[in-house]
Amino acid sequence: MASNQNFRDLQWVLHAIKSETLNLHNISFYLSQPTSGCFQETENSMNINISKDSLLYFLHLLTVLGTAKNIQSSLRNLEFHQVEWELQQLLNLGVLLENSTNIKQLVFRRNRFNTECLSEFSDVLKRNNVIKEITFSESAIGYVGAGILSSALKVNDSLEELQIWEDSIGSKGAEELSKMIEGNSTLKLLTIFDSSSITATPLISAVLARNRTMEVHIWSGENGEKISKVVEFSPENSTLRIYRLNISGACRVACALGCNSTVKSLDMTGVRLKSKWAKEFRWVLEQNKSLKEVNLSKTCLKDKGVVYVAAGLFKNQSLESLYLDGNWFSGIGVEHLLCPLSRFSALQYQANITLKAVTFGGGSTKIGRDGLAAILQMLTSNESVTRLGIYDDESLRPDDIVKIFKSLERNATLRHLSLQGCKGVQGELVLQTITETLQVNPWIEDIDLSRTPLQNSGKTDGIYKRLGQNGKSEPDMDLLKDMPLTMPKSCRVFFCGQEYAGKSTVCNSISQNFSSSKVPYLDQVRTFVNPVEQAIRTNGMKIRTFKDEDTKISIWNLAGQHEFYSLHDLMFPGHGSASFFLIISSLFRKPSNREPKTPAEIEEDLQYWLRFIVSNSRRAVQQCMLPNVTIVLTHYDKISQPSQNLQATVNSIQRLRDKFQGFVDFYPTVFTIDARSSASVSKLTHHLRKTSKTILQRVPRVYQLCNDLIQILSDWRSENFNKPAMKLKEFGELCQVKVPPLRIRSRHDNKEKVEMRRRAVATCLHNIGEVIYFDDPGFLILDCEWFCGEVLGQLIRLDVRRQSSTENNGFISRKELEKILRGSLQSQIPGMGSKVFENLDASDLVHLHNRIIGLHNQHGATYSLEKYLISININGIYIRIELGGQLGYYIDVLACSTKNLTETLRLIQQLIIPAIHSFCNGITLIENVLRPECVQNLTPPRYRKTQLVSLQQLKQALLSVSAESMYDYQHTWSPVSDSGRPILRSGFDLARDLLSDDDFREVLHRRYHDLYNLAVELQVPPENNSDGPDQSLSTSNEPDKVDPTFGGIAKGVEAVLQRLKIIEQEIRDLKQEIQGLRYYEHRLLIELHRKVNYLVNYNVQLEERKVPNMFFFVRTENYTRRLVTNMISGMNALRLHMLCEYRQEMHVVEDQMGCEMMQVDNRAVQCLAPYMKKFMKLLTFALKIGAHLAAGMGEMIPDLSREVAHLAGSSLLYGAGGAVAAGAVGAAAMGRNRSRAVEGSRDIQQDLKTAQQWVVDFLRQRRCSSGKDIAEKFGLFRVRYRDNGQIAWICRRHMSIRANEIIEVPI
């Protein structure tokens, strides 16, 4: 009933539209209907049926709709069914579309358009910017209509969806639409359902070639076949799926993918492909950078096609997943496919490192023997693939499956392995191998064995259980902690000495002694060496090994040529190593003559090696024992009778023993031998064997595991063609397979901790001398003789500068060095050479060469490197860094610049010195200032050895003088002569010229700091002046630390120089600061004298000052006088002395006889102790501010720094005057606490009265109470000041020069 009520005639529709009573969103026109009328489905939706005899109504309705205002604003969708369009109708439709602002969708179902109408519709689309979606369904627009639409859409920039259903636009129409796609960037959805699948090729190719983010769906149903999708592209997930395409279409799509960036996943499963397409796809893999996943399953690819795909993988750096299962290739295809994923040498790089997942297999894939070998090679060498799938294979047998799982023992990257449907996965052996592999390899997370005989038989439960255990987090236990320890069984003896010392001859004689005692001798030197190669071999370090019962003794003969000295640090034994040293020195300069060495030369020789041993030993984190050293003097047979020279040599050796006592454990006997005589060397051989056993008992025990690893490493070498070196990664793989305590048991284990344990074991093997381990770049040398002789020997003798084409400045690029290394270390004689590059990578050799020579990548500044010299030019500052000769133990840094001293020194201190420290780790470096004249004249190092002064001593000397003398303080240089010929005359330089402004300011700052503390002690009121201690120095933030290498120097040059310019602007004149310092000292002196005068004159009534008040005690020890700072009962041999008391000029009286005090009793202690404290405190103050009270007392002051640690760091405790202050520091410490100082001031009268009464009594006992007696013993005279009438006791000098200010008052 409702339906009948909603059905109206066309007149009602026209009236309703004109009256604007309708609010329609959707209108659908149905033409060629049996009857005419309208049906309003909803309030906003209406269907209009028009019969063939009422077509005029259709034209009229379009006209009315185009003029109705409310319809124009509300209408959204228009549908036309079975309309055969005429031009006028289309014109009216155009008016409607132009006037309507909200029509978004047009649908034409079973419509018919002639060319004229399509052209008009095309013009409408060109002008329209509102319509978003157009659909043509069964409208037979054909390729002509497709072309006309394309021309419109090239202009239209609003349409987002275009659908053409069940039409035949053909290849021509598709090509026209593809041209439209090239120019239209707003279309978001394109759906085509055509009778021919050929339409898909140009469309999808255009989308891909132009990188359009357009969703594409193309369907086809050819020759009455079932409708199916041909191509779909979804930009949301960047996936392109091709379901059905001929080979030419597939090739065209492949070409479009080359530079595409929108497709990340390509799925061509089931598309029949040929090698022609694979050839195009190779280019895609080489060029495309966005493709992540490619599925080519069941594409009928044969060997040739797979070879093309594999060739593309060599250059591809983006593809992560490749699926090739269900194809028709053989083992040849597998071999090529896996080639870019494999390494065939330890020195070869893996070509493709981005592919993570790969699958192949199927009933038509015949893997065979070649394919199996390729699989095994890939699994053992690949470091990137995490998923591997071999599906439905029938060619692999059970023993082949066993080999696959065995190869997984050393693979740490594969996570998922699928063997589903493989017939060879069966049998107990396969099951056992899988279980054993999972015990060794915890990284495998999943093994898919579905549809395999093993799975079908129900035997895979144990495998999945083990996989679950590998996924569990194991408790973090240190397996090395509870491992058994054992005494090491091998000891190394290092032969140290200069060339011609006879080390090799001694070693040969020792070997003869071992052989004669029927001890097996294992010489590691190769005997089966081609004589020609033996003749051209480089001399270097030699290693010989002997067996003494169950102890292995290896002699490491350190090369004596100076070119090899840089190798010695590399070979130095590590912490806890069972080793000791023989320093071998010849008594003669050359073995060919009888010119003996002087004792000084022998001492210098021995001292070099002792310094080498001590400095390297101190680099260890912890020293469990001192290095054991034995001294051997060779060529003793040439000495016919003992001489004075020999005795002097013995004395110099004893001096070295004393000097290095506490750093080296010396063997008490010095061996003097004839190295050629085995009899002469027999005692040394016995000492060597005995000391080896002693050392092995004393050194820390090693893990039993290390002894086991020695055999494991030996077996590994045998299995790997006696390979002399192994990468750290190979060592880790060996530990994972062969050493359970060093195995990663779960993939959730802390891998870093296990790696750390492996490195610790490798270090232990290095320390016991079984391997040479380099943590960086990370390899172990198993054949030490080969490494020392062939690798290091050739590297150290390599003249890089001569072969380099670059500027001869001592530096070379890394690539050019690799080229030179390859050219130099590869023999030109067939069948000969060192085979270095078969075992070590060129980059490793470069790293090792740079470590030996001490080079790093240099850039930024200008450098020049020569033997013992580095020259650097940094922005106009020329710097020479000189090593002190062959056996020198000092480094001279000489600088020449037009810039000021401060800027130059800052550059040295911030860049050069940190770099030197980084190379001298564990060694104490003392900084000295070199005489400027030596730098100006480039005086040779042998003459300037004495022309230097310690930087700290120079600062301390400045601190010892008053502020008035600081600016003009001079340092005096001693003269230097050579055989009576003067080289350098005596002279002096001002301290301000030797120190930078920064150093000078540091001295001033320390003086200010101490004076400020003294002002607090003396309670001097503060003043608001700019020269106060807090404002006295302008400080700047310290520049950032620069990497302490010469490369870091170059990098930091610009930043540092910029900072220097900023700081320089803030520097104030030093004289102004010194003036402020002098004023500060003056104020403190006034306050000090006020307090001292109070002490002197606090009680003028005390017998009218018949004896002096200021006294002190001195004790004589070993012909030196020491000031007594504390009174202890029982002290004896003391002398009482008196100070000259002239106001503000108190001092010690020269040549004062004093009065002897035999012994200190308890009464003396009680009377004098309080006075001593206060007197010493004032003495300390006076010394620190340069008061005359300190004059003449410096040599008597004891060092009390241990008793007063809180004052020991004071800058004014150093220097000539500072030495005095150091002695008085104990008394000063007692008054630091303010409350104690106040309390002391209350009792000061009583303390002084008691002390001075004791002095009066003491002098009476010694019959020294008259003025004449006091003048005789103390050189003091009683006077009265004319201005204030106070009494004082002063010296003869003051009596003379101050006669007009005083009146003598004799007793």
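Computation of the quantities below employed the complete heavy-atom set of this structure, encompassing side-chain atoms and omitting hydrogens, waters and symmetry-equivalent molecules. Numbers for residues simply follow the sequence, beginning at 1.
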Query - Audit row: I653, L633, side-chain contact (heavy atoms from CB on, under 4.5 Å) steps and yes/no - result: CA-CA 11 Å; I653 292 176; L633 300 178; 4.2 Å; yes

Report summary line: Output for pair (D674 CG, S509 OG), nearest 0.5 Å, gives 8.0 Å

Query - Sub-4.5 Å side-chain heavy-atom contact between F660 and Q607 - result: yes

Report summary line: Only residue of L606, L656, T672, I602 satisfying side-chain contact (heavy atoms from CB on, under 4.5 Å) with I631 is L606

Requested in this report: Determine, stepwise, if the pair K597 / D605 fulfils side-chain contact (heavy atoms from CB on, under 4.5 Å).
Outcome: CA-CA 10 Å; K597 285 182 180 178; D605 182 6; 3.6 Å; yes

Query raised in the report: Considering only heavy atoms from C-beta outward, does the side chain of I772 approach that of F774 to under 4.5 Å?
Result: yes

Requested in this report: Report yes if some heavy atom in the side chain of V702 is under 4.5 Å from a heavy atom in the side chain of K489; otherwise report no.
Outcome: no

**Report entry** Test item: H766 side-chain N/O and Y773 main-chain N/O as donor-acceptor pair under 3.5 Å
**Finding:** yes

With a 3.5 Å cut-off and sequence neighbours excluded, list the donor-acceptor pairs that the side chains of residues 925-936 form with protein atoms.
residue : atom : partner : partner atom : Å
N928    : OD1  : S950    : N            : 3.3
N928    : ND2  : I926    : O            : 3.3
R931    : NH1  : Q947    : OE1          : 2.7
R931    : NH1  : R985    : O            : 3.2
R931    : NH2  : E933    : OE1          : 3.1
R931    : NH2  : R985    : O            : 2.7

Report task. Using a 4.5 Å cut-off on heavy atoms from C-beta on, say whether the side chain of S579 contacts that of W556. Result -> no

Query raised in the report: Is there a donor in the side chain of R544 and an acceptor in the side chain of N508, or the other way round, less than 3.5 Å apart?
Result: yes

Query raised in the report: What residue among T630, N513, I555 forms side-chain contact (heavy atoms from CB on, under 4.5 Å) with L688?
Result: I555

Report task. Look up atom NE2 in H635 and atom OG in S585, then write down how far apart they are to the nearest 0.5 Å. Result -> 10.5 Å

Report task. Can you see which heavy atom on P488 is nearest to which on P700, and at what distance? Result -> CD-O, 4.0 Å

Query raised in the report: Mind checking whether I510 and F495 have side chains closer than 4.5 Å, heavy atoms only?
Result: yes

Query - Enclosure of K690 NZ (heavy-atom neighbours >12, cutoff 6.0 Å) - result: no

Query - side-chain contact (heavy atoms from CB on, under 4.5 Å) between F581 and L558, intermediate numbers included - result: CA-CA 11 Å; F581 300 87; L558 301 182; 5.9 Å; no

Query raised in the report: Listed by chain and number, what are the side chain to side chain donor-acceptor pair (under 3.5 Å) partners of T551, not counting sequence neighbours?
Result: none

Query raised in the report: Distance-only, no hydrogens or angles: does the Q697 side chain make a donor-acceptor pair with backbone N or O of T694 under 3.5 Å?
Result: no

Report task. Flag yes if more than 12 heavy atoms outside K683 fall under 6.0 Å of its NZ atom; otherwise flag no. Result -> no

Query raised in the report: How far does NE2 of H971 sit from CG of L948, to the nearest 0.5 angstrom?
Result: 8.5 Å

Query - Side-chain heavy atoms of E770 within contact of S490, under 4.5 Å - result: yes

Query raised in the report: N557 and S504: side-chain donor and acceptor closer than 3.5 Å?
Result: yes

Query - Any side-chain heavy-atom pair of D665 and V629 under 4.5 Å - result: no

Query - R676 atom CZ, over 12 foreign heavy atoms within 6.0 Å - result: no

Requested in this report: Calculate, to the nearest 0.5 Å, the distance between atoms CZ and OH belonging to R589 and Y500 respectively.
Outcome: 14.5 Å

Report task. State the OG-CD distance between S682 and Q512, to the nearest 0.5 angstrom. Result -> 12.0 Å

Query raised in the report: Does some side-chain heavy atom of V506 sit less than 4.5 Å from a side-chain heavy atom of I673?
Result: yes

Query raised in the report: Excluding sequence neighbours, so at least two apart, what forms side chain to side chain donor-acceptor pair (under 3.5 Å) with Q647?
Result: N651

Query - side chain to side chain donor-acceptor pair (under 3.5 Å) partners for D989, two or more places apart - result: W973

Query raised in the report: Where is the tightest heavy-atom contact between P975 and S986, given as atom of each residue plus distance?
Result: CB-N, 3.7 Å

Query raised in the report: Sequence neighbours excluded, which residues qualify as side chain to side chain donor-acceptor pair (under 3.5 Å) partners of D550?
Result: none

Query - Pair E604 + R611: basic N to acidic O under 4.0 Å - result: no

Query raised in the report: When rounded to the nearest 0.5 angstrom, what is the spacing between OG1 in T691 and CG in L696?
Result: 10.5 Å

Requested in this report: Locate the shortest heavy-atom distance separating A895 from I908; write the atom from each residue and the value.
Outcome: CB-CD1, 3.7 Å

Report task. For D637 and S680, run side-chain hydrogen bond (donor to acceptor under 3.5 Å, both in side chains): C-alpha distance rounded to whole Å, both residues' side-chain angles, the deciding distance at 0.1 Å, then the answer. Result -> CA-CA 10 Å; D637 55 296; S680 178; over 6 Å; no

Requested in this report: Return the minimal non-hydrogen interatomic distance between S586 and A501, and the atom names on each side.
Outcome: CB-CA, 4.0 Å

Report task. Output every pair passing ring pair (Phe, Tyr, Trp, His ring centres under 6.0 Å) with a member in residues 671-694, not counting sequence neighbours, ordered by first then second residue. Result -> Y667-F671, Y667-H687, F671-H687

Query raised in the report: Under the side-chain contact (heavy atoms from CB on, under 4.5 Å) criterion, do L684 and V681 qualify, and how do the steps go?
Result: CA-CA 5 Å; L684 181 61; V681 181; 4.2 Å; yes

Query - Nearest heavy atoms of S692 and I553, plus distance in Å - result: OG-CD1, 3.7 Å

Query raised in the report: What are the two closest non-hydrogen atoms of S652 and P599, and how far apart are they?
Result: OG-O, 4.0 Å

